[in-house]
There are 2 protein chains.
Amino acid sequence: MKGEHLFRSKYKSALTNCALLNNLDEETNNEILSLFHHEKWPKNTCFLNHEKFFFHFYIILSGRVKMYQVEPNSGKELTLFLLTKSDVFDLFCLLDGDKHQVYYECLDNVKVLAAPMTELRSWLNRHPEHYKNLLPYAGKQLRSLENYVSDITFTDISTRLLKLLIRNVNDKSNTLELINDLSNKELAYLIGSTRAVVNRHLQRLKQNGSIKISRKRLQVKNLSLLLHLLENQKLANLKI
Amino acid sequence: MKGEHLFRSKYKSALTNCALLNNLDEETNNEILSLFHHEKWPKNTCFLNHEKFFFHFYIILSGRVKMYQVEPNSGKELTLFLLTKSDVFDLFCLLDGDKHQVYYECLDNVKVLAAPMTELRSWLNRHPEHYKNLLPYAGKQLRSLENYVSDITFTDISTRLLKLLIRNVNDKSNTLELINDLSNKELAYLIGSTRAVVNRHLQRLKQNGSIKISRKRLQVKNLSLLLHLLENQKLANLKI
DNA sequence: TTAGTTGTGCTACTTAAGTAGTACTATTCA
DNA sequence: TGAATAGTACTACTTAAGTAGCACAACTAA
């Protein structure tokens, strides 16, 4: 891949925000990008083979990719990460060189850069100072998972749903992003619940006018009401 | 601290197994250890001030330290990690330089090595190849948290309790370790539940003879029965 | 020694979440 | 176009987990 060409291309913003490529001079940047090639994955593509991510490392240029698990006996699903532009995967494999028992699915048409894991590793070994770039990104994923654990154990579904909505409202446009075109089922998997239960809570939010829902479309109509409801739920937990 | 002296001391095994000090030549090893000093913390010491772990980094030489969170409204607790010999903390702070909203408590008399975070960081910046040592350890914590999330969402308390017991049975001695002297409350916090519920399930395991319990003492009497029960619970989840 | 604290074992009750099923609608694609 | 599929809204039911409370035992420290 011509690194220079690509760097000047329309995916520049995806690459400059990518943790792996942080603070590199142009020469180094081109050198590391030369390990990668372009791939396009159509919407709804599923990757069920863990080995794929053991042998290649990916950077998302555009589109959403969900990392998820399936409980083999019950068939229940759980979305661990909703990856998007500038995200990389699979960090687990890169960090410790073990297989990672998760699946991936494209929620949009996705463009990625792909590099053979061995080549990326040997490049990093030749330039160990760039290992440092991985650390804050690893920290972010650790915090995200820790937050997942405490949310699941401390708070009920309606609170988790409120939090999910609130944190995906864009500050500037004041509209729901990233998850606004997901089905109830996909929303449920993002907070470790089931379609029916999430629908039940969405109906209540619809009734009080804070959201508007239609088939695979979700709008936040009244963010301050959502924030208010979240506050109330916290107070309801107070031990007297 | 005299690195050479300490390295030959009785904590040698704690240090050689420590991720941060992996594969270092003796000189480098002494250099990094010179950043650390010795600290002793008595059993039951609590650290509720997040700043402490923002400014110092610790390696456990002996004793157990639990990393936990408290939900401020309800007062519910949750143990995130049960750290022990050779573990380091706080990795979250070291990786991304942000505060980490968790508490720490010593479950034993604990001995640690402590280094100022800034000095450790600047040493690592001078020797960036040693950043690499942190990666597999970060991977291990990521996997542990991911596993926590999927356990909580996929499996019920009795299954989580069975798994907790089984994974803490020492292969060689066939006895329960690490958690064998914890109260029901502490066991509950390790799997995101409550004392009463855990006790309920422990009573059932006692009745079938797989464990023996007394005040703050827990013994596994029949590991294969526990494994058998775990298998059965999985089958019970099968969708027909 | 004793008072206070902590841990245990139990009963009874409440509740949110999950499960099952069904009618209906929107979308897809052959 | 029309059949199949996917998504939604709803009711009724089940259940595990959480909650509250209490009696008692076992440590701990004044």
Base versus backbone protein contacts along nucleotides 1-15 of chain D [heavy-atom cut-off under 4.0 Å; B, S, -]: -----BBBBB-B---
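Summarising the geometry, the separation between CG on B:L187 and P on C:dG7 is reported as 11 Å, rounded to the nearest angstrom. Protein atom CG of B:N44 is 11 Å distant from nucleotide atom P of D:dT28, rounded to whole Å. C:dA16 atom C1' lies 11 Å from atom CZ of A:R160, rounded to whole Å. Regarding A:L161, its CG atom lies at a distance of 14 Å from the C1' atom of C:dA17, rounded to whole Å. Between the C1' atom of C:dT8 and the CZ atom of B:R204 lies a distance of 18 Å, rounded to the nearest Å. Here C:dA17 presents its P atom at 5 Å from CD1 of A:I157, a figure rounded to the nearest Å. The nearest whole Å value for the distance from the CG atom in B:L218 to the P atom in C:dG9 is 10 Å. The nearest whole Å value for the distance from the CG atom in B:N180 to the P atom in C:dG7 is 16 Å.
Taking 4.0 angstrom as the limit, A:H201 places a side-chain polar atom (N or O) nearer than this to OP1 or OP2 of C:dA17. Here A:S193 reaches the OP1 or OP2 of C:dG18: one of its side-chain N or O atoms lies under 4.0 Å away.
Side-chain atoms of B:T159 and B:D156 include a donor-acceptor pair closer than 3.5 Å. Side chains of A:N170 and A:E177: a donor on one and an acceptor on the other come within 3.5 Å.
More than 12 heavy atoms of other residues, nucleotides or ligands lie within 6.0 Å of NZ in A:K52, so this atom counts as buried by the packing criterion.
The aromatic rings of A:Y68 and A:Y103 sit tilted, their planes meeting at an angle between 30° and 60°.
Applying ring-ring contact (aromatic ring centres under 6.0 Å, His included) to B:F47 and the options B:F54, B:W41, B:F89 leaves one that passes, B:W41.
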Audit row: B:Y58, B:E39, side chain to side chain contact (heavy atoms under 4.5 Å, CB included) steps and yes/no: CA-CA 9 Å; B:Y58 300 91; B:E39 286 190 20; 4.2 Å; yes
